[in-house]
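Reckoned from all heavy atoms, side chains included, excluding hydrogens, waters and symmetry mates.
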Number of protein chains: 2
Amino acid sequence: MSETNISVRVSETAHNYQGCLLIAQVLARIGDKWTVLVVGALSRGPVRYNQIQRTVEGISQRMLTLTLKRLEQDGIVKRTMFPTIPPRVEYELTDLGHELVVPLGALHAWALKYQPAIVDARARYAEKERENAKLAE
Amino acid sequence: MSETNISVRVSETAHNYQGCLLIAQVLARIGDKWTVLVVGALSRGPVRYNQIQRTVEGISQRMLTLTLKRLEQDGIVKRTMFPTIPPRVEYELTDLGHELVVPLGALHAWALKYQPAIVDARARYAEKERENAKLAE
DNA sequence: CTGAATCCACCAAGATACTG
DNA sequence: CAGTATCTTGGTGGATTCAG
C-alpha cells in the first residue's frame with residue numbers, strides 16, 4: 001500500500017505566522033540543493049554510500065556526507081555500518097523519512113501541474129520588461 | 001470552501017530522479033529564507049508593501065522587494081499599483097499562488113506532527129556523539 | 001510610501017588531497 | 001569503500017543611502 005490521503009483545512013495551516021515559521025524551518029533543512037535528491041535516492045529502500053553518489057549526479061563527497069549527517073541528526077535517515085573489510089555502510093529512510101515523502105509528493109504534483117503556467121508567466125514578465133525598457137529610452 | 005483534498009500515489013511521484021529534480025527546482029525558488037513567510041502574509045488577501053514588511057519580522061526592504069519580484073515573475077503573486085500620491089501598491093496571490101498554499105499546508109502538517117520526533121532524534125544524536133567523544137579520549 | 005543602488009560580510013558549497 | 005581535512009570562492013542576504 002503505497003497510497004496516502006491527506007486532508008488539509010487550509011485556513012488552519014498556512015494562514016498564521018507561527019505556522020509559516022514552522023514551514024520555513026523545515027524548508028531551511030530540506031530546501032537546499034541536495035537534500036531532496038538524496039531523500040529521493042533513498043525512497044526505494046536501503047542504499048550504500050557510493051550508490052547514492054552515483055544516483056545523485058554531481059554531488060561531491062563532502063556534500064553527500066554533510067547532507068546524510070544532517071538527515072541522520074533529524075531522524076529522517078538511519079545509518080547502518082557493517083564493520084567488514086572493506087567497510088560497508090547502508091542508509092535508509094526512517095518512518096519519519098517515509099512520511100516526509102508524502103508532502104514532497106504534494107509539492108511534486110503542484111510543480112508538475114503548474115510548470116507550464118510558470119514558464120508562461122516568466123515569458124510574459126520578460127515581455128513586459130522589454131516594453132518598459134523601450135519606453136525608458 | 002477553503003478545504004482541499006489531495007490524493008497522491010507516492011510510488012509515481014518522488015521515486016524517480018526526474019521528479020526529484022523538479023521538486024528541487026521548486027525548492028530552489030520557495031525554499032529560501034523569506035518566500036514562504038511572504039506567501040503566508042499574502043494568503044489572506046491583498047496586502048500593501050509596508051504591511052507585508054511589518055508582518056514578516058526582520059525582513060529588509062531589499063529582500064522583500066527581491067522576493068516579491070521573483071514571485072511576480074513566476075506568476076505566484078500579482079502586483080497592482082495605484083498611481084496616487086503617495087504611491088500605493090498592493091500584492092496578492094494569483095490562483096497559482098493559492099494552489100501553492102496547499103502543498104505548503106501538507107508540509108506544515110508533517111512538521112507539526114513530527115516536530116517532537118525530530119527534537120527527540122537530535123537529542124539522541126547529540127547523546128551518541130558525547131559517548132563517542134568519551135571513547136576517543 | 002515604495003522602491004533602486006551600492007557596498008560588504010559571511011557562509012554554503014566546490015575542488016583537492018589525504019586516511020582508516 | 002567511506003569518509004575527513006583544508007583551502008578557496010561565488011552568491012545570498014544585511015546595512016545604508018538615494019530617488020520618484
From CD of B/Q53 across to P of C/dC1 the rounded distance in Å is 10 Å
Would you call B/E72 and B/K69 a salt bridge, taking side-chain N to carboxylate O under 4.0 Å as the test? no
Winner on side-chain proximity to A/V89, out of C/dC1, D/dT17, D/dG3, is D/dG3
B/I85 CD1 to D/dG20 P, in whole Å, measures 13 Å
Judged by nearest nucleotide, the residue sitting upstream toward the 5' end of DNA chain C, B/R48 or B/K69, is B/R48
With the side chain defined as heavy atoms from C-beta on, B/R62 is closest, among C/dT2, D/dA2, C/dT6, to C/dT6
Rounded to whole Å, CG of B/D32 lies from P of D/dG14 at a distance of 10 Å
| query | A/V77 and A/F82: same hydrophobic cluster, using ILVMFWY side-chain contacts below 4.5 Å? | reply | no
note: A/L66, atom CG; C/dC11, atom C1'; distance rounded to Å ~ 12 Å
| field | Sugar-phosphate only, base, or nothing, as touched by A/F82 at under 4.0 Å among non-hydrogen atoms | value | nothing
Exercise. Could you tell me whether the side chain of B/Y17 and the main chain of A/G40 form a donor-acceptor pair under 3.5 Å?
Key: no
Per atom distances to the B/M63 side chain, the nearest of D/dC1, D/dG13, C/dG14 is D/dG13
ask   = Quick one: is B/K33 getting a side-chain N or O under 4.0 Å of the D/dG14 phosphate, OP1 or OP2?
value = yes
Between CG of A/N50 and P of D/dG3 the distance, given in whole Å, is 9 Å
Separation of D/dT4 atom P from A/L68 atom CG, nearest Å, is 10 Å
Open item on the list: Is it true that, when you exclude B/D95 itself, more than 12 heavy atoms of the residues, nucleotides or ligands shown sit nearer than 6.0 Å to its CG?
Closed with: no
A/I59 CD1 to D/dA2 C1', in whole Å, measures 14 Å
Would one find a side-chain N or O of A/R70 under 4.0 angstrom from OP1 or OP2 of C/dA12?
-> no
When rounded to whole Å, the CD to C1' distance for the pair A/Q51 and D/dG3 reads 17 Å
Side-chain contact check for B/Q61: nearest option of D/dG14, C/dG14, C/dG3 is C/dG3
Of D/dA2, C/dG3, D/dG13, the nucleotide closest to the side chain of B/W34 is D/dG13
OP1, OP2 of C/dG3 versus side-chain N and O of B/Y91: anything below 4.0 Å? yes
From the list B/L64, B/I59, B/L66, side-chain contact (heavy atoms from CB on, under 4.5 Å) with B/R62 holds only for B/L66
Picking from D/dG3, C/dG3, C/dT2, the nucleotide nearest the side-chain atoms of B/R79 would be C/dG3
Against the side chain of B/T65, the closest entry in C/dA4, D/dG3, C/dA13 is C/dA4
